[in-house]
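Below you'll find the structure, written out as structure tokens, and then a few comments.
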Amino acid sequence: MENTEKLKNSKEIIAYVAECFPKCFTVEGEAKPLKIGIFQDLAERLKDDEKVSKTQLRAALRQYTSSWRYLHGVKPGAVRVDLDGNACGELEAEHVEHAQATLAESKAKVANRRKEQAQKAREEAKAKQPKAKKPQARKPQSSASKNAKVSKPVETRALNNDELIVGKDVNVNMGKGNMAATIVEINKEDVRVQLVNGLQMVVKAEHLRA
């Protein structure tokens, strides 16, 4: 005698039942409303089938009738069918209302679950992102690094002609004070100097002091 392998889950059982009763059950598309009490008919027709038990059939049938595609099929004007596809009367209004309410509730639960999962995924992604570094407080600039800030007046003297040489450290007379600088280029009376902050400017030789 051949060993009969039992079906393992509701999905396999529904597929098997749809194969046995194709005019009643389907594994895809909109399902037909089932005859009231169809479980007893199903259990009786499959009582000698070793692939399934009554407990498995009941669980599979519950899953089948709670699926969205089955609930979609429970609508006004739809007709219930038996295992052989024979009509067993139109659906009652209360059954249609119950199916529609169940479908709406189920869809709302799924939508909320997806929303929560999406929110969780966003939070996890945000947590994995490197945190932005706080801007460091700017240190007060020294008088030498501020944009050509003029120092307080100091005692200086005019440069001698022989002191006008490239590389000479000098002071630039700005009227109210002096700026430390270095000569980088000499072009007759125009002298290019580089200030301590790195900026360069051209001044007349007469504005340079030692």
Side-chain angles (χ1 to χ4, degrees), residues 1-140:
M1 184 176 179
E2 294 182 1
N3 292 328
T4 303
E5 185 177 353
K6 285 187 174 295
L7 300 174
K8 300 180 180 63
N9 52 54
S10 293
K11 184 177 180 180
E12 290 183 357
I13 293 171
I14 292 171
Y16 179 64
V17 169
E19 183 181 338
C20 294
F21 310 103
K23 293 182 179 180
C24 179
F25 295 92
T26 177
V27 294
E28 59 183 16
E30 190 173 277
K32 299 175 182 178
L34 302 176
K35 168 190 172 184
I36 294 176
I38 201 167
F39 170 72
Q40 287 77 10
D41 297 344
L42 194 59
E44 177 65 26
R45 296 277 283 269
L46 296 177
K47 65 180 180 179
D48 296 326
D49 196 321
E50 296 182 1
K51 286 188 176 183
V52 294
S53 66
K54 280 188 176 182
T55 301
Q56 289 176 312
L57 278 176
R58 185 177 285 107
L61 192 60
R62 188 181 301 114
Q63 179 176 317
Y64 184 83
T65 55
S66 62
S67 67
W68 287 7
R69 62 193 189 87
Y70 181 84
L71 294 174
H72 271 294
V74 181
K75 55 191 176 182
V79 177
R80 293 183 182 274
V81 296
D82 63 12
L83 293 178
D84 299 314
N86 299 316
C88 297
E90 285 192 17
L91 291 165
E92 295 182 12
E94 61 181 298
H95 294 161
V96 173
E97 291 174 4
H98 177 72
Q100 291 178 345
T102 302
L103 179 61
E105 183 181 351
S106 178
K107 286 185 175 182
K109 286 182 179 179
V110 171
N112 288 334
R113 192 181 306 120
R114 287 176 178 172
K115 186 177 179 181
E116 290 173 0
Q117 290 174 345
Q119 178 65 24
K120 185 179 179 181
R122 285 194 295 268
E123 290 175 356
E124 289 177 351
K126 186 177 180 181
K128 291 179 181 179
Q129 291 178 348
K131 293 182 179 180
K133 294 182 179 179
K134 293 183 179 180
Q136 297 181 348
R138 296 181 62 184
K139 295 181 180 179

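Checking side-chain atoms of Ser106 against main-chain N and O of Thr102 turns up no donor-acceptor pair under 3.5 Å.
Evaluation of the side-chain hydrogen bond (donor to acceptor under 3.5 Å, both in side chains) test over residues 29-43, restricted to residues two or more places apart or in two chains, returns Glu30-Lys75, Lys35-Asp41. A salt bridge (charged side-chain N to carboxylate O under 4.0 Å, His left out) check over residues 107-118, counting only residues at least two apart or in different chains, returns the pairs Glu105-Lys109. Annotation: ring-ring contact (aromatic ring centres under 6.0 Å, His included) contacts involving residues 39-90, sequence neighbours excluded, comprise Phe25-Tyr64, Tyr64-Tyr70. Legend: salt bridge (charged side-chain N to carboxylate O under 4.0 Å, His left out) pairs involving residues 52-66, not counting sequence neighbours: none detected.
Not a single salt bridge (Lys or Arg N to Asp or Glu O under 4.0 Å) links Lys120 to another residue, sequence neighbours left out. Judged as a side chain to side chain contact (heavy atoms under 4.5 Å, CB included), and not counting sequence neighbours, the contacts of Gln119 are Arg122, Glu123. Applying the salt bridge (Lys or Arg N to Asp or Glu O under 4.0 Å) criterion to Glu92, with sequence neighbours excluded, gives no partner residue.
Between Gln100 and Pro76, the closest heavy-atom pair is NE2-CD, 4.1 Å.
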For residues 7-19, dump all side-chain donor-acceptor pairs below 3.5 Å to protein atoms at least two apart in sequence or in another chain.
residue	atom	partner	partner atom	Å
Lys8	NZ	Glu5	OE2	3.0
Asn9	OD1	Lys11	N	3.2
Asn9	OD1	Glu12	N	2.8
Glu12	OE1	Lys8	N	2.9
Tyr16	OH	Asp49	OD2	2.3

For residues 80-91, tabulate all N or O donor-acceptor pairs below 3.5 Å that involve a side-chain atom, not counting sequence neighbours.
residue	atom	partner	partner atom	Å
Arg80	NH1	Leu34	O	2.6
Arg80	NH2	His95	ND1	3.1
Asp82	OD1	Asp84	N	3.0
Asp82	OD1	Gly85	N	3.0
Asp82	OD1	Asn86	N	2.8
Asp82	OD2	Asn86	ND2	3.2
Asp84	OD1	Arg45	NH2	3.1

